[in-house]
Amino acid sequence: MPYCNVSHAEIYYEDIGEGKPIVMIHGYSPDHRLMKGCMEPVFSDTDGWRRLYIDLPGMGATKKYEAIKNSDEMLEAVIEWIDVVIPDQEYVLVGESYGGYIARGLIKHHPERVRGAAFICPVIIPEATHRTVPEHRVLRADEAFLASLSSEEAEYFSGSLVTLDKNSWDRFKGEVVSGMSVADEHFLMKVKESYSFSFEVDQMNFDKPALFLLGRQDDIVGYKDALDVMEKYPRGTFAVLDTAGHNLQIEQAEVLNSLIAEWMERVQQEQRNG
């Protein structure tokens, strides 16, 4: 298992394929399995990409992170990891939820190295009470399948997704809950007290190919706040998907695959154009 030692963590990551580095950053409390589950299918028919899946400090198999106290230091750990694994190289980003917030911090710190960015249900406003979010609602439910779950499982599932069926459940358990179950909750609660960066993001235009995938029914980060930063991403596609909550990557997998593939083609075209 590959590990990378940085100042305040021993970071676990998975390194797949060869080519243009594409850094995948998961959200708060799952681990790399979330990003691997939603992104690897996109690469089934394409090559030329080196996929780097990180476990953020306090999550997954990353170790020796206890000295980290806030999101600034989480970002610093990721920056150090990037500088060790792909030193001085240009790279591309995909960030989900909190990973999208970290990605925007990376854009600020590496404006010339980041050549494209995709965001899946990204955190735009760190303070949860300041976000514009809809109420949770279930839009599709396989009642027969729900009846096969325990009451605790059914309640948790129903409160987490808007599409309730066996495929969603299997992926949710295997890609999201699997990581959450090994997260260091005490550590994450500590960092959550300093969840916002000490600096502002999105202060300059990111004039590279970008993609924002937003869930119309996302009751965790919402979609409206992301539309407020649209003008900062003049090369950005902003897609608000119906029948998609905060687990959009599961509930709208085919649309995600298509839009991610189109975004990667834009990144490659930009590279070909020099």
Side-chain angles (χ1 to χ4, degrees), residues 25-31 34-35 38 55-60 65 68-78 93-108 117-139 155-163 172 175-177 179-203 212-230 232-233 238-242 244-252:
I25 310 176
H26 60 81
Y28 212 69
S29 72
D31 61 19
L34 185 154
M35 297 305 295
C38 75
D55 276 351
L56 290 173
M59 292 161 267
Y65 50 78
I68 292 173
K69 301 180 294 297
N70 51 50
S71 285
D72 280 9
E73 293 177 359
M74 293 279 272
L75 174 62
E76 288 169 10
V78 177
L93 283 168
V94 184
E96 184 269 343
S97 192
Y98 180 70
Y101 188 51
I102 294 291
R104 285 155 64 221
L106 287 168
I107 288 171
K108 177 178 174 62
F119 304 88
I120 304 168
C121 301
V123 168
I124 301 297
I125 298 177
E127 300 83 0
T129 56
H130 295 171
R131 299 172 186 167
T132 302
V133 300
E135 291 186 5
H136 179 70
R137 60 188 298 204
V138 172
L139 296 180
E155 181 178 2
Y156 184 51
F157 188 29
S158 299
S160 302
L161 283 84
V162 302
T163 298
F172 183 56
E175 299 168 20
V176 180
V177 178
M180 295 172 68
S181 66
V182 298
D184 184 339
E185 292 297 335
H186 177 75
F187 169 81
L188 294 179
M189 287 297 293
K190 177 187 71 173
V191 172
K192 201 99 179 207
E193 294 175 2
S194 301
Y195 200 60
S196 300
F197 293 137
S198 62
F199 56 89
E200 296 293 329
V201 292
D202 303 323
Q203 296 303 292
F212 282 74
L213 294 171
L214 313 168
R216 186 64 186 261
Q217 289 80 35
D218 187 338
D219 63 324
I220 304 299
V221 302
Y223 67 91
K224 291 185 178 180
D225 297 328
L227 301 181
D228 290 339
V229 303
M230 183 181 290
K232 296 295 184 180
Y233 295 83
F238 284 69
V240 182
L241 305 184
D242 183 36
H246 198 57
N247 288 282
L248 175 153
Q249 78 281 0
I250 294 172
E251 295 170 317
Q252 288 287 4

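- Phe187 does not carry Lys190 over the face of its six-membered ring by the limits of under 6.0 Å from the centre and within 45° of the normal.
- Considering CD1 of Ile250 and OG1 of Thr163, their distance stands at 10.0 Å, rounded to 0.5 Å.
- Screening Asp218, Leu214, Leu248 for a side chain to side chain contact (heavy atoms under 4.5 Å, CB included) with Leu241, the sole residue that qualifies is Leu248.
- In terms of heavy atoms, Phe238 sits closest to Ala226 at CE2-O, 3.4 Å.
- Listed by chain and number, the residues in a side chain to side chain donor-acceptor pair (under 3.5 Å) with Asp184 are Tyr65 (sequence neighbours excluded).
- The shortest heavy-atom contact between Asn70 and Ser194 is CB-CB, 3.3 Å.
- For Ser71, the side chain to side chain donor-acceptor pair (under 3.5 Å) test picks out Tyr98, with sequence neighbours left out.
- For Glu73, the side chain to side chain donor-acceptor pair (under 3.5 Å) test picks out Lys69, with sequence neighbours left out.
- Asp72 contributes a side-chain N or O that, together with a main-chain N or O of Ser198, makes up a donor-acceptor pair within less than 3.5 Å.
- Distance check, rounded to the nearest 0.5 Å: CG of Asp202 to CE of Met230 gives 13.0 Å.
- A donor-acceptor pair under 3.5 Å is absent between the side-chain atoms of Glu96 and the main chain of His26, judged by distance alone.
- In this structure, Arg131 contributes its side chain and Ile220 its backbone to a donor-acceptor pair below 3.5 Å.
- For Phe119, the ring-ring contact (aromatic ring centres under 6.0 Å, His included) partners two or more places apart in sequence, or in a different chain, are Phe212, Tyr233.
- With sequence neighbours excluded, the residues forming a ring-ring contact (aromatic ring centres under 6.0 Å, His included) with Phe197 are Tyr101, Phe199, listed by chain and number.
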Verdict with supporting geometry, Val94 and Ile120, side chain to side chain contact (heavy atoms under 4.5 Å, CB included): CA-CA 8 Å; Val94 184; Ile120 304 168; 4.1 Å; yes
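- Nearest heavy-atom pair, Gly60 versus Asp55, reported as atom, atom and distance to 0.1 Å: CA-OD2, 3.3 Å.
- Shortest non-hydrogen contact noted between His136 and Leu161 is CE1-O, 3.3 Å.
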Side-chain donor/acceptor pairs under 3.5 Å, residues 121-130, sequence neighbours excluded:
unit_1, atom_1, unit_2, atom_2, d
Glu127, OE2, Ser196, OG, 2.9

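- Rounding to the nearest 0.5 angstrom, the gap separating the CG atom in Asp242 from the CG atom in Leu139 is 6.5 Å.
- Here the side chains of Gln249 and Leu34 are in contact, with some heavy-atom distance below 4.5 Å.
- Gln203 places a side-chain N or O within 3.5 Å of a backbone atom of Val201 that can act as its donor or acceptor partner.
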Worked check of side chain to side chain contact (heavy atoms under 4.5 Å, CB included) between Tyr28 and Ser97: CA-CA 7 Å; Tyr28 212 69; Ser97 192; 5.8 Å; no
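- Although no hydrogens or angles enter the test, the distance criterion places a donor-acceptor pair under 3.5 Å between the side chain of Asp225 and the main chain of Thr132.
- Under a 3.5 Å cut-off, the side chain of Gln252 and the backbone N or O of Ala244 do not form any donor-acceptor pair.
- For the atom pair CD1 (Ile107) and CD1 (Ile102), the distance works out to 12.0 Å, reported to the nearest 0.5 Å.
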Side chain to side chain contact (heavy atoms under 4.5 Å, CB included) between Val177 and Glu175, intermediate numbers included: CA-CA 6 Å; Val177 178; Glu175 299 168 20; over 6 Å; no
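- A pairwise comparison of heavy atoms in Arg216 and Val240 identifies CD-CG1, 3.7 Å as the closest pair.
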Glu251/Val162 under side chain to side chain contact (heavy atoms under 4.5 Å, CB included): CA gap, chis, key distance, verdict: CA-CA 8 Å; Glu251 295 170 317; Val162 302; 3.2 Å; yes
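- Interatomic distance, NE2 of His246 versus OG of Ser160, reported as 10.5 Å (0.5 Å rounding).
- When all heavy atoms of Ala183 and Met59 are compared, the pair lying nearest together is CB-CG, 4.5 Å.
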